[in-house]
Structure formats: structure tokens, C-alpha cells
Asker: 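To start, I am sharing the structure in question, which I have written as C-alpha cells.
In what follows, chains are A, B, ... by sequence order, proteins preceding strands, each numbered from 1.
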Amino acid sequence: MIKAVRGTRDLLPPETALWNFVEAAVRDVFRAYNFQEIRTPIFESTELFARGVGEETDVVAKEMYTWEDRGRAESDRGQSLTLRPENTAGVVRAYIEHKMWDRGLNKLYYIGPQFRRERPQKGRYRQFYQIGAEVIGPASAGSESPARDAEVLEMLSTLLDRLGITGWNLELNSVGCANDRAAFNEALRKALEPVVGKMCVDCQRRAVTNPLRVFDCKVPEDQPIIEKLPRISQFLDEGCRKHFEQVQEILTKVGVPFSLNDRLVRGLDYYTRTAFEFTHGALGAQNAILGGGRYDGLSEALGGPAAPGIGFAIGEDRLVMSLQESAPAESVLKKPDVYVAALGEGMNGEAARLVRELRRHDLVVDLGDESFRLKKSFEAATKAGAKYILIVGENEVKADAFALKNLATGEQVSVQRADLAKKIRQ
RNA sequence: GUGGGAAUAGCUCAACUGGUAGAGCACCGGACUGUGGCUCCGACGGUUGCGGGUUCGAUUCCCGUUUCCCACCCCA
């Protein structure tokens with residue numbers, strides 16, 4: 001048997017109803033903030049991610065699905081392509097390619113699959129889905145304003161509340177701009193030098209490759225050492241500090257709860273200033289339901305003009321998972337308004353005609369087959385969860401009035417063809 | 001990439017220290033030829049994840065492998 005490959009999965013009904021519910025809510029909420037959808041290709045030039053996300057990041061260094069595409073002619077060299085491991089780089093690439101600064105401030109969102117070759121576990125798949133949004137444009141259009149950071153965070157809290165997800169926690173930090181981070185990294189390296197020997201092996205590795213990640217360490221013995229390390233907050237320049245303060249001010253004013261976490265670091269190189277994560281307790285080790293932040297230098301890193309931006313990505317798989325506890329898929333599934341039972345030879349055509357009319361009235365209609373015994377039709381209607389069953393038999397066709405039975409109450413009436421849709425909708 | 005656990009019918013799970021695979025639910029049919037849910041009866045359903053080994057005999061023990069789960073790592 002051929003099976004779905006490791007780390008990929010099929011989403012089947014009724015669970016897909018939950019995914020549709022989430023995506024409908026997302027489109028609805030984002031629209032209220034005047035975000036518009038962008039769709040970028042699922043594969044891109046490998047170079048885009050190397051330069052955008054960062055050559056040294058785990059995502060780029062060991063998790064990408066990359067292959068050499070054929071050249072157009074024998075003499076052509078192939079091109080290295082990669083399935084997108086995230087979508088921000090693609091959006092910024094499109095921003096540059098289509099000179100989208102001409103539109104002023106861009107507020108964009110996307111929903112789609114991403115690919116990372118990680119070891120699968122709960123809430124972590126090799127093909128996974130992200131819902132993300134990006135605010136990007138020239139600084140003169142307001143893209144750099146703390147108002148944008150706050151608006152994005154407030155939108156997220158609204159979305160989670162709207163979905164009925166309770167118990168989320170917003171963790172906030174500022175990782176500063178490029179200069180701050182350089183100074184901070186330097187100080188961190190210095191501070192680590194004398195103490196790193198006493199830390200866990202992972203920290204010893206991090207101290208060399210990516211000192212920031214030391215703050216992610218969960219080993220209890222290392223915590224007293226980590227507590228004494230310098231913090232990014234001490235290295236923020238005037239502008240970054242002010243910016244971060246204003247973000248917090250607005251959030252407080254609009255009533256979005258958050259907690260500061262100056263150990264919050266992000267794994268993608270492009271993040272600057274505001275960085276955040278929404279976590280949810282019931283997700284196991286993969287407790288980050290969404291994450292994001294500012295990326296003020298990304299456009300330039302990709303060869304574009306200065307274009308400050310802020311964005312986030314929601315792990316849709318994890319969002320659906322945390323939703324499943326409060327809202328089972330069945331509860332958001334639209335059940336048929338009516339099940340139409342064709343009864344007796346020659347009734348398929350009559351039933352089809354009737355069903356066509358009902359569906360044109362926007363009713364959800366399920367249709368049986370004339371070979372079914374009436375008992376079987378009732379069973380099928382009940383199993384489908386239909387509100388009504390409508391019988392299309394010889395007697396009904398002759399009278400042009402049909403037996404309509406409410407499956408919950410058991411009440412049955414004869415209804416003229418012209419009145420059916422109205423009666424069913426009641 | 002590392003460590004641990006698991007894999008038996010469509011689903012949830014049984015099967016004693018190795019003795020030849022079973023239940024509930026679901027599905028299909030009947031009791032009931034134009035009236036469902038309840039009940040009763042019946043049928044269907046399995047290379048015990050896959051491959052090798054030990055054994056008279058393996059779902060059971062051993063090795064390999066694949067997948068899933070948990071944790072590390074990393075991220076969403």
C-alpha cells in the first residue's frame with residue numbers, strides 16, 4: 001500500500017470543517033483590518049531563503065527541501081529550487097519584484113502550506129500550514145510605526161478570541177536593530193566565555209554558533225548562570241527603546257494582555273525590534289501557536305529598497321489542534337437541511353428536478369436513489385444529520401405535493417412544490 | 001539529527017510463561033414490500049506494519065526496517 005509520506009497527512013472530513021471554520025474566521029477578521037490576500041509560489045529560488053532567512057539558521061542549514069532543477073537547454077545550468085519553509089521571504093520578494101512601494105503601505109495576508117524536513121512529532125509536520133500577515137512599505141507610509149506593531153498584535157488577540165481559544169499568552173520582547181544586536185552579541189560572548197564551561201553541552205554549542213539561543217535553554221542547572229547574562233533590553237538604542245515602549249503603551253490602552261519576556265529570541269535572522277510569540281498550554285512541547293516580529297532590514301538584504309515591516313505566522317495545524325478541545329469538528333459542520341428520498345422506479349428524475357430547485361434556494365440538500373427502500377432512506381437521512389426528509393414517490397408526483405417530515409420532531413406534512421423551500425427553511 | 005515507547009478488523013482495544021486471532025462500535029443485509037433513531041438476528045471484515053532469524057509451532061522471543069507517539073533539538 002502506498003501511504004502518505006513521513007510528516008505529511010491527509011485532512012479528512014469532518015475535520016476539514018474545522019479548517020474551513022478557522023480560515024473563514026481569519027478572512028473575516030483580517031478584512032476588518034483591511035488586509036488583502038497575497039499568493040506566492042510554493043517553490044522559490046534557494047537563494048531567496050539563504051539570503052532572507054539566513055544561511056546559518058537551522059531552517060536553511062538543515063531543514064529545506066532543495067533540488068537542482070533542469071536547465072532549459074543542455075548547455076544551461078540548472079537552478080537550485082526550494083520548497084518554501086516559510087512565507088515572509090516570498091512576500092518580500094514579491095514586494096520588491098512588483099515595486100509594491102508604489103502602493104504605499106501594504107497589508108497582506110496568506111494561507112498555505114510550508115515545508116520543513118524536521119523529525120515529525122505532535123504539532124510538527126513536514127508539510128504544515130501557516131496563516132500569516134505582513135505589513136510592509138516605505139517608512140514614509142508608516143510601516144515603521146509602533147502603531148503597526150500594536151495593530152497586528154491586537155488583530156491577533158481578536159482572532160484568537162473570535163475563534164474561542166482561551167488560555168493564550170502573548171510574550172513580547174524587543175531584539176533591537178542590527179547595531180544593538182551586534183553590540184549585544186559581543187557582550188554576550190564576553191559574558192559567556194568564563195562561565196560556558198559549567199553549562200550544558202547544548203549551551204556550549206550555542207555559545208559558539210548562536211549565543212542568543214542560550215536563552216532558550218531549559219536545563220535547571222544553567223538557569224542561575226543565564227539569569228546573570230546581559231539582556232538585549234540593556235543594549236537597545238534610544239530609537240528602539242522608545243519604539244518598544246510605544247508598542248506596549250498602545251497595547252495597554254486597547255486592553256491586550258501581554259507579558260514581557262526578555263529571553264524570547266527568534267530563530268530566523270531577519271527579525272528586528274519587536275518580537276513576539278503566542279503560546280497555548282495544551283499543545284505539548286510545540287506550545288507556540290504563532291510567532292512573528294519586525295524585519296526592518298529584510299528588503300535590503302534581498303536587494304530591495306528600505307522597507308520596514310512586521311508580520312507573523314500562525315501554525316494552522318496547532319491552531320486547529322488547540323481548537324479541537326473547545327469546538328469539535330462536528331459542531332461547525334453544516335448539516336443538510338433536507339434529505340430527498342426518491343421512492344420507486346422512475347423517481348430519480350423527478351427527485352433530481354426537485355433537488356435542483358431546492359438547491360437554487362441555497363438549501364443544503366442530500367439526494368438518495370430510487371433503488372433505496374424507504375427505511376434505508378430514513379436511515380441515510382438520519383445518519384447525514386438532515387433536518388427534514390422529503391419523499392418523492394408516485395403519489396407525491398401525481399399530486400405535486402410532497403411528504404415532508406421533520407426528523408427530530410416526527411411531524412409530517414404534505415407540502416405543495418412551490419412552498420417547499422420556504423417550509424424547509426423555517 | 002539524538003533518546004525512549006508503540007504498531008493486532010474501518011475505529012477503540014483483548015488474546016496467560018510461545019500453541020495457530022476475539023469483543024464492542026461502525027459498515028452491509030434481514031425481522032419491517034411507503035416511515036428513521038430503540039431492539040433482535042445474520043453476514044462481512046486480518047498476509048497481527050514490513051523483511052529476516054530462533055522454534056515442531058511466533059501476535060508473543062531476537063535482529064533489521066518503516067511509520068506514529070513522547071522528549072531533545074528547532075520552530076509555527
Asker: Tell me: CZ of A:Arg126 to P of B:rU66, nearest whole Å?
Answerer: 11 Å
Asker: Between the side chains of A:Arg273 and A:Asp149, is the shortest nitrogen-to-carboxylate-oxygen separation below 4.0 Å, so that they form an ion pair?
Answerer: no
Asker: With rounding to the closest Å, how many angstrom separate the P atoms on B:rU20 and B:rG37?
Answerer: 40 Å
Asker: Please measure how far the P atom in B:rA23 lies from the corresponding atom in B:rC41, and state the result in whole Å.
Answerer: 13 Å
Asker: Return the value, rounded to whole Å, for the distance between atom CD1 of A:Ile289 and atom P of B:rA76.
Answerer: 14 Å
Asker: Round to a whole Å and report the spacing from CD of A:Gln204 to P of B:rC72.
Answerer: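 Distance, rounded to whole Å: 20 Å.
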Asker: Is a side-chain donor or acceptor of A:Asn185 paired with a backbone partner of A:Ala182 at a separation under 3.5 angstrom?
Answerer: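 No, the answer is negative, given that no donor and acceptor are paired below the 3.5 Å cut-off.
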Asker: Would you kindly give the CZ-to-P distance between A:Phe49 and B:rC74, to the nearest whole Å?
Answerer: 22 Å
Asker: Looking at A:Phe35 versus A:Tyr109, is the centre-to-centre ring distance below 6.0 Å?
Answerer: no
Asker: What integer number of Å spans the P atoms of B:rU48 and B:rU8?
Answerer: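 Here B:rU48 and B:rU8 have their P atoms 12 Å from each other.
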Asker: Whole angstroms only, please: what is the OH-C1' distance between A:Tyr339 and B:rU35?
Answerer: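 Spelled out: OH on A:Tyr339 to C1' on B:rU35 is 13 Å.
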Asker: With a cut-off of less than 4.0 Å, is there a side-chain N or O of A:Gln121 near OP1 or OP2 of B:rA71?
Answerer: yes
Asker: Tell me if the side-chain of A:Arg9 makes a donor-acceptor pair with the base of B:rC68, cut-off 3.5 Å, by modelled atom types.
Answerer: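 Counting by modelled atom types and ignoring angles, no donor-acceptor contact under 3.5 Å is found here.
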Asker: Mind checking if A:Leu290 touches a base, just sugar-phosphate, or nothing, with heavy atoms under 4.0 Å?
Answerer: sugar-phosphate
Asker: Would you say A:Arg263's side chain and A:Phe215's backbone share a donor-acceptor pair under 3.5 angstrom?
Answerer: yes
Asker: Test your reading of the model: is there a side-chain donor-acceptor pair from A:Asn348 to the backbone of A:Glu370, 3.5 Å cut-off?
Answerer: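 Checked: pair present.
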Asker: What is the distance, rounded to the nearest whole Å, between atom CZ of A:Arg119 and atom P of B:rG3?
Answerer: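 Interatomic distance, CZ of A:Arg119 to P of B:rG3: 8 Å.
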Asker: What distance, rounded to whole Å, do you find between the two P atoms, one in B:rG51 and one in B:rU60?
Answerer: 13 Å
Asker: Does any N or O in the side chain of A:His243 come within less than 3.5 Å of the main-chain N or O of A:Glu144, such that one atom is a donor and the other an acceptor?
Answerer: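 Indeed, once roles are kept as given, a pair shorter than 3.5 Å links the two residues.
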Asker: Which one, B:rA31, B:rU35, B:rC70, comes nearest to the side chain of A:Arg373?
Answerer: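 Ranking B:rA31, B:rU35, B:rC70 by closest atom to the A:Arg373 side chain puts B:rA31 first.
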Asker: Give a yes or no on whether a salt bridge exists between A:Glu151 and A:Arg148, defined as a side-chain N under 4.0 angstrom from a carboxylate O.
Answerer: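 Answer for the salt bridge query: yes.
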Asker: Quick one: the side chain of A:Arg6 and the base of B:rU66, do they pair up donor-acceptor inside 3.5 Å?
Answerer: no
Asker: On RNA chain B, check which nucleotide each of A:Arg124 and A:Asn395 is closest to and give me the residue with the more 5' one.
Answerer: A:Asn395
Asker: Report yes if a donor N or O on one partner sits less than 3.5 Å from an acceptor N or O on the other, where the partners are the side chain of A:Glu396 and the base of B:rG34; otherwise report no.
Answerer: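 Answer yes: a donor N or O sits under 3.5 Å from an acceptor.
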Asker: Base, sugar-phosphate alone, or nothing: which one does A:Gln412 contact when heavy atoms must sit under 4.0 Å apart?
Answerer: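 Touches a base.
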Asker: Do the side chain of A:Arg117 and the base of B:rC74 come within less than 3.5 angstrom through a donor-acceptor pair of N or O atoms?
Answerer: no
Asker: If you measure from the P atom in B:rC50 to the same atom in B:rU59, how many Å do you get, rounded?
Answerer: 10 Å
Asker: Taking the P atom in each of B:rA21 and B:rA26, what is the distance between them to the nearest angstrom?
Answerer: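 Each nucleotide's P atom is 26 Å from the other's.
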Asker: Please report, rounded to the nearest Å, how far the P atom of B:rA76 is from the CG atom of A:Leu160.
Answerer: 16 Å
Asker: Hey, is A:Arg373 close enough to A:Glu379 for a salt bridge, meaning N to O under 4.0 Å?
Answerer: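 Judged by the 4.0 Å cut-off on N to carboxylate O distance, A:Arg373 and A:Glu379 do not form a salt bridge.
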Asker: Tabulate protein N/O versus nucleotide N/O from nucleotides 36-41 of chain B, keeping only pairs under 3.5 Å, one per line.
Answerer:
{"from": "B:rG36", "atom 1": "N1", "to": "A:Leu407", "atom 2": "O", "distance (Å)": "2.3"}
{"from": "B:rG36", "atom 1": "N2", "to": "A:Leu407", "atom 2": "O", "distance (Å)": "2.8"}
{"from": "B:rG36", "atom 1": "N3", "to": "A:Thr382", "atom 2": "OG1", "distance (Å)": "3.2"}
{"from": "B:rG37", "atom 1": "N1", "to": "A:Leu407", "atom 2": "O", "distance (Å)": "3.3"}
{"from": "B:rG37", "atom 1": "N2", "to": "A:Leu407", "atom 2": "O", "distance (Å)": "3.4"}

Asker: Within the distance-only criterion (no hydrogens, no angle test), does the side chain of A:Asn106 pair as donor or acceptor with the backbone N or O of A:Met100 below 3.5 angstrom?
Answerer: yes
Asker: Figure out the CD/P separation between A:Glu118 and B:rC68, and round it to whole Å.
Answerer: 14 Å
Asker: Does A:Lys62 or A:Tyr129 map to a spot on RNA chain B nearer the 5' end, using the closest nucleotide for each?
Answerer: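 Here A:Lys62 is the residue nearer the 5' end.
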Asker: Indicate, yes or no, whether a donor-acceptor pair under 3.5 Å links the base of B:rC74 to the side chain of A:Arg116.
Answerer: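 By the distance-only test, no, there is no pair.
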Asker: Identify whether any heavy atom of A:Gly385 sits under 4.0 Å from a base atom; if not, whether one sits that close to sugar-phosphate; answer base, sugar-phosphate or nothing.
Answerer: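 No contact at all - A:Gly385 keeps every heavy atom at 4.0 Å or more from the nucleic acid.
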Asker: Taking only the C1' atom of each, what is the distance from B:rA9 to B:rC28 in whole angstrom?
Answerer: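 Roughly 15 Å separates the two C1' atoms.
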Asker: Using atom P of each nucleotide, how far apart are B:rG30 and B:rA71 to the nearest Å?
Answerer: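 It works out to 49 Å between them.
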Asker: Measuring from the side chain of A:Pro120 (C-beta onward, heavy atoms only), which nucleotide among B:rC74, B:rC70, B:rC68 has the closest atom?
Answerer: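 Within the option list, the nearest is B:rC68.
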Asker: Answer with base, sugar-phosphate or nothing: what part of the nucleic acid does A:Gly344 contact at a heavy-atom distance below 4.0 Å?
Answerer: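 It contacts nothing in the nucleic acid.
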Asker: Could you tell me whether the side chain of A:Glu411 and the main chain of A:Asn406 form a donor-acceptor pair under 3.5 Å?
Answerer: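 Here the side-chain-to-backbone pair does not exist.
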Asker: Under 4.0 Å between any heavy atoms, over every strand shown, what does A:Lys376 touch: base, sugar-phosphate, or nothing? Just pick one.
Answerer: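 Result for A:Lys376 = sugar-phosphate.
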Asker: Just need the stems in RNA chain B: three or more back-to-back Watson-Crick or G-U pairs, each with both distances under 3.5 angstrom, sorted by first number.
Answerer: B:1-7 with B:66-72, B:10-13 with B:22-25, B:28-31 with B:39-42, B:49-53 with B:61-65
Asker: Closer than 3.5 angstrom, by distance alone: can the side chain of A:Ser174 be matched with the main-chain N or O of A:Phe244 as a donor-acceptor pair?
Answerer: no
Asker: Run the numbers on A:Glu86 and A:Tyr270 for side-chain hydrogen bond (donor to acceptor under 3.5 Å, both in side chains), then give the verdict.
Answerer: CA-CA 12 Å; A:Glu86 58 92 59; A:Tyr270 53 63; 2.6 Å; yes
Asker: Taking only side-chain nitrogens and oxygens of A:Lys3, does any of them come within less than 4.0 Å of OP1 or OP2 of B:rA7?
Answerer: no
Asker: Taking any heavy-atom pair under 4.0 Å as a contact, classify A:Ala381: base, sugar-phosphate, or nothing.
Answerer: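 A:Ala381: no heavy atom of the nucleic acid under 4.0 Å.
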